Each structure stands twice: as C-alpha cells, then as structure tokens.
Visitor: 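Quick one: the structure is below, questions incoming.
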Amino acid sequence: MNREKTVSAAVCTIGDEILIGQITDTNSAAISRELGAAGVRVTSMVSIGDRRKEILKTLTEELKINDIVITTGGLGPTRDDITRNVLAELSGSSRFIRHEGQLQVVRKLLRARGLDTLEPNLRQADVPENSEVIVNRFGTAPIMVFRLDEARFAHPCTLIAMPGVPFETVNALPDVIADIKAHHRLQSITHRNVMTFGIAESALAQRIGAWEDSLPRDMKLAYLPDTLTGVKLRLSVYGGEAADNERRLQEQIQGLTALVGKHIYSYEEDTLEHALGVLLKATGKTLSAAESCTGGEISHLITTVPGSSEYYLGSVTSYAIPVKEKVLGVDPRLIEQNGVVSSEVAAAMAEGVRRLTGSDFSVATTGFAGPGGGDERYPEGTVWVGVSSEKGTETRKFEYHNDRKRNIQRFSASALFFLFTKVRTEVNC
C-alpha cells in the first residue's frame, strides 16, 4: 500500500520592513519552490509585523491547518527582533539554552569580518529549550525546529524558524528540506521542465491546448513566464515510481516538441545564456558582441556562465556613433541613409565585431530603449538585432513597450534567443 500523503505547509515572513516595502520578500518564493520540489504542498504565504500578538495568532492558526509552518525573519540581535521570544512562548519553553554549535559559527563569522564579539551577537546562539537546532553555517542566527504534538494544534505539526537574510535562507534550505524529508513521508513528485522563448504565454497555451487537455489525470502542467528566460513549462507527476514517471513524461514531451520545438531551447531548468554556452562549448565555436542600446547587458549575461571564457572572446559597447564607425567600421553612409537604428546598421555592427575579434559568431544591437528617442518609423521600444557568421548575417526587429530597464532586459533576451537559434541551425544541433 502506498503510504505517501500530501504534506501541507505555510510560509510566514516576519518583520515590519517587508510590510512597509523597505525590502522585497524573496525568501517566500525560494522556500516554496524547494518545498514544492520535495513534494510538500504550500497552502499560504503570510507576512506578519513585529508584534507579539499578531505573530502568536497567525502562527497558531497556520499550525492548526498545516503539517509544517516555516517562518523567516525576526531573529536578529536587535531589540525589535522579538520572534525568538514568541517562539519560546508558543512552544511552551520556559528558558533558553546556548547552542554550542551555533556559538562557534557566530565567533568564526565575527572574527572573519573583523568585528568585536559582543554579547548581543552571542545571544543569537540562545535557543528555546524545546527546540532542535539546524546550525546555520552562513549566518549568526540558528535555524530552530519545534516538533509540536496534537494537544494544542489538534494534530502533530512542525514549526521551523529560519533567518531573514536571503543569502542565509537560500543556503540553509537544503538542510531544512533534508530535515523535513527525515520526519515526513512525502508524496513522490517527478518534474520535467521545458524552456521556451519567443512565444507569448497566451499564444503558447493556445498552440498546445489540445495536447494539454489530453494529459493523463495525474499529470499537471504549469506555465511559468519570465522576462529573461521566456515561458518555462513544468510538467509534473504526483505519486508513482520515479523511473516510470520519467518515461511517461518523456513521451508527453515528445508530443510537445512536435508542436513548439522551434521555441524550445532547453529540456531542463535553464537560462538562455547558459543554453547558448553549452551549445558553443560543445561545438567549439566562439562568440563576440557589439552593443549599443543594451549597453553591455548581453555581455554581462554571457559572462555570468562559468567557463564562458572558453567561447566568449569579448565585446564593443558602441554607444556613440563615432565608435560604431571608427571601431566597428560601420560605413557612415549606412547611418546617414538608414538611421542608426536600422537593419543595415545592426548587420554592419555584427560583421564589424566579428571581424575585429575573429569570432565564429557575433551579435549586435541598436535601438531605442526609451524614454524618448524613437520616431514614427521605429518608435521607442524598438531594437534591431544582427547575428553574423561565416555563412552570412541576419537581422530581426523586436518591439517592446516597457520602461527603459525592462526594455533593455527584453532586448537582450531576444538577442540571445535569436543568436541561439542561428547557432543551433548552423551547427545542426
């Protein structure tokens, strides 16, 4: 008999700084992603201010209806961080004990940062007596775990308190997930991700609607759009055996590929710049870039990939017209006749930087990121992208209607996908 069951969880952020918009809550999304991947169903996300009654009330309500409640924040060394005391009250702890393992981390981190060891910092290693501790190796506040019986909450449940610093939260999540798996029999879940670009979520849903409707009842599809990576399709099977699920998912993905294959750039959770790098590295090809309106964003994305030095030769940020002409060799007559934002100039920029660096492929951008700068022919939000190789140069025009920062991001992502498709076509991969 399959004894796996759906385990539910709530994620609660604690701190006035989130409620007043002083900082952005990224922890909840990170925690929820990892819980979902482990087979835990997240039922709610709640933000709570630094007030004792509100914290007690909210956590009590969530513990009554969920198997797990994870809090993040409120565990710092200052007087306004009251969460530790509230957790002691909630768990029936009458005293605090100093955890030696976390104390060693506190001392080590303070020494490494050249800071004095003060009593408020040492007190961060103090935990309610009824808690178990997962040592936080990346910060001073420990991760506290409370195993709560059914006397108060009508069922056994677990409360996990994590620090609020995103770097610490993200790095501590593997230890927290391991603890959850050790104490809960989770429903198995098998995921496959398919990364698409160059097609809107609505158009994608329409294109694959019949395929989606035909999916087995235990198989679920999620659409996860992102400006820089496109629409991620996550196909999931709950329960069953992993090997059989993988086989079934692969069968469905083959049908999906037949419908939207030209928009797919990876069959795992990925980014355009990484998928491009894998392709270039596998084929021994090199790349360069010439950027105007994107101001180096494409080069930045490419060089975030470890090992990009194996295929990326360099770039020219030719923002000014004289740089386009004198460094990249763009004929001034092209600019005079067609305008600096044009197919002809994008092509000349791509050919110029490829000639300058000796790369196999190159990409170039010229456009109007805004605000202002556009005209009737090419309004604000227009970019021309050129991609060049020894087999020729192609250009494409993209138009977006966002603010300057978002336009630059979308210009860069579109350029990377255009480049990816040309490389893939020419190397027959």
Side-chain angles (χ1 to χ4, degrees), residues 197-198 227 262 272-273 276 285-302 312-426:
F197 198 88
T227 299
K262 70 177 184 178
L272 285 163
E273 57 269 22
L276 173 65
K285 301 298 183 181
T286 57
L287 172 65
S288 61
E291 302 186 60
S292 183
C293 59
T294 48
E297 179 69 11
I298 293 173
S299 302
H300 163 70
L301 291 170
I302 291 170
Y312 187 59
L313 302 186
S315 68
V316 175
T317 304
S318 54
Y319 211 70
I321 289 176
V323 178
K324 293 179 176 68
E325 295 174 347
K326 296 177 181 179
V327 178
L328 295 177
V330 177
D331 189 334
R333 290 173 297 182
L334 279 180
I335 296 175
E336 183 179 349
Q337 293 169 4
N338 302 286
V340 70
V341 177
S342 62
S343 171
E344 292 80 3
V345 171
M349 289 171 62
E351 291 165 357
V353 77
R354 188 168 69 86
R355 182 171 57 248
L356 188 66
T357 62
S359 62
D360 297 303
F361 291 90
S362 64
V363 61
T365 59
T366 179
F368 299 118
D375 53 34
E376 290 186 4
R377 184 184 181 196
Y378 297 134
E380 173 188 316
T382 299
V383 64
W384 275 99
V385 179
V387 174
S388 181
S389 74
E390 64 177 5
K391 294 186 178 181
T393 302
E394 296 180 30
T395 62
R396 288 185 190 173
K397 178 170 67 74
F398 302 93
E399 289 187 22
Y400 299 109
H401 304 286
N402 304 108
D403 59 29
R404 182 178 181 84
K405 181 177 180 181
R406 185 61 63 89
N407 279 340
I408 290 173
Q409 290 176 332
R410 299 194 74 174
F411 290 173
S412 302
S414 297
L416 285 172
F417 184 65
F418 178 21
L419 174 62
F420 175 86
T421 57
K422 185 169 176 65
V423 174
R424 179 170 60 183
T425 300
E426 293 196 7

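Because the structure is a prediction, the values reported are computed rather than measured. The figures here come from the full heavy-atom set of this structure, side chains too, leaving out hydrogens, waters and symmetry mates. Quick note: residue numbers are just sequence positions, from 1.
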Visitor: Glu291 pairs by side-chain hydrogen bond (donor to acceptor under 3.5 Å, both in side chains) with which of Ser299, Ser412, Ser315?
Guide: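 Answer to the side-chain hydrogen bond (donor to acceptor under 3.5 Å, both in side chains) test with Glu291 among Ser299, Ser412, Ser315: Ser299.
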Visitor: To the closest 0.5 Å, what do you measure between NZ (Lys324) and CD1 (Ile335)?
Guide: 7.0 Å
Visitor: Lys262 versus Thr421: any side-chain heavy-atom pair under 4.5 Å?
Guide: no
Visitor: Under the 3.5 angstrom rule, does the side chain of Arg404 hit a backbone N or O of Gly370 as a donor-acceptor pair?
Guide: yes
Visitor: Passes side chain to side chain contact (heavy atoms under 4.5 Å, CB included), Phe398 versus Arg410? Steps please.
Guide: CA-CA 9 Å; Phe398 302 93; Arg410 299 194 74 174; over 6 Å; no
Visitor: For the pair Thr357 and Leu287, evaluate side chain to side chain contact (heavy atoms under 4.5 Å, CB included) and give the outcome as yes or no after the intermediate values.
Guide: CA-CA 9 Å; Thr357 62; Leu287 172 65; over 6 Å; no
Visitor: Does any N or O in the side chain of Ser362 come within less than 3.5 Å of the main-chain N or O of Ala350, such that one atom is a donor and the other an acceptor?
Guide: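 Yes; judged by distance alone, with no hydrogens or angles, the pair exists.
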Visitor: Considering only heavy atoms from C-beta outward, does the side chain of Ile321 approach that of Val330 to under 4.5 Å?
Guide: no
Visitor: Can you name the closest pair of heavy atoms from Ala415 and Val385 and give their distance?
Guide: CB-CG1, 3.8 Å
Visitor: Sequence neighbours left out, what passes ring-ring contact (aromatic ring centres under 6.0 Å, His included) with Phe197? Give chain and number order.
Guide: Phe417
Visitor: I want to check something: taking the side chain as every heavy atom from C-beta on, are Pro379 and Thr382 in contact at a cut-off of under 4.5 Å?
Guide: yes
Visitor: For Val387 and Val363, work out which heavy atoms get closest and say how close.
Guide: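 Heavy-atom minimum between the residues: CG2-CG2, 4.1 Å.
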Visitor: According to the salt bridge (charged side-chain N to carboxylate O under 4.0 Å, His left out) rule, which pairs have a member within residues 332-344, sequence neighbours left out?
Guide: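 Every salt bridge (charged side-chain N to carboxylate O under 4.0 Å, His left out) pair that includes a residue of residues 332-344, provided the two are not neighbours, is Asp331-Arg333.
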Visitor: Parallel under 30°, tilted from 30 to 60°, perpendicular over 60°: which one fits the rings of Tyr400 and Phe411?
Guide: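 It falls in the tilted class, 30° to 60°.
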Visitor: Please answer whether the main-chain N or O of Thr286 pairs with a side-chain N or O of Asp360 as donor and acceptor at a distance below 3.5 Å.
Guide: yes
Visitor: Do Ser292 and Thr366 have side-chain atoms, one donor and one acceptor, less than 3.5 Å apart?
Guide: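 Side-chain D/A pair, Ser292 to Thr366: absent.
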Visitor: Applying salt bridge (charged side-chain N to carboxylate O under 4.0 Å, His left out), which residue pairs with at least one partner in residues 387-396 are found, sequence neighbours left out?
Guide: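 Residue pairs passing salt bridge (charged side-chain N to carboxylate O under 4.0 Å, His left out), neighbours aside: Glu394-Lys422.
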Visitor: Taking the side chain as every heavy atom from C-beta outward, state whether Leu276 and Leu272 have any atom pair closer than 4.5 Å.
Guide: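 No - every pair of side-chain heavy atoms lies 4.5 Å or more apart.
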Visitor: Answer with yes or no whether the side chains of Glu351 and Thr393 bring together a donor and an acceptor at under 3.5 Å.
Guide: yes
Visitor: Is there a side-chain contact between Lys397 and Ser343 (heavy atoms, below 4.5 Å)?
Guide: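 They are not in contact (no side-chain heavy atoms under 4.5 Å apart), so the answer is no.
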Visitor: Compare every heavy atom of Tyr312 with every heavy atom of Ala289, then report the nearest pair and how far apart it is.
Guide: CB-OH, 3.7 Å
Visitor: Counting N and O atoms only, with roles assigned by atom type, does the side chain of Thr294 sit under 3.5 Å from a partner on the main chain of Glu297, one being a donor and the other an acceptor?
Guide: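 No, because the side chain of Thr294 does not come within donor-acceptor range (under 3.5 Å) of the backbone of Glu297.
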Visitor: Could you state the interatomic distance from CZ (Arg377) to CG (Asn338), rounded to the nearest 0.5 Å?
Guide: 6.5 Å
Visitor: Identify the heavy atoms of Arg406 and Asp403 that sit nearest to each other, and give their distance.
Guide: N-OD1, 2.8 Å
Visitor: Taking all atoms of both residues into account, what is the closest heavy-atom pair of Leu328 and Ala290, and its distance?
Guide: CD1-CB, 3.8 Å
Visitor: Once you round to the nearest 0.5 Å, how far does CD1 of Ile298 lie from CG of Leu419?
Guide: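 One finds 8.5 Å between CD1 of Ile298 and CG of Leu419.
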Visitor: Taking side chain as C-beta onward, heavy atoms only, is Lys285 less than 4.5 Å from Val423?
Guide: no
Visitor: Would you name the heavy atoms of Gly386 and Thr395 that are closest together and state the gap between them?
Guide: CA-CG2, 4.0 Å
Visitor: About how many Å separate CD of Glu380 and CG of Asn407, when rounded to the nearest 0.5 Å?
Guide: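 Rounded to the nearest 0.5 Å, the CG-CD separation comes out at 7.0 Å.
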Visitor: Just how far is it from atom OG of Ser288 to atom CZ of Phe361, taken to the nearest 0.5 Å?
Guide: 11.0 Å
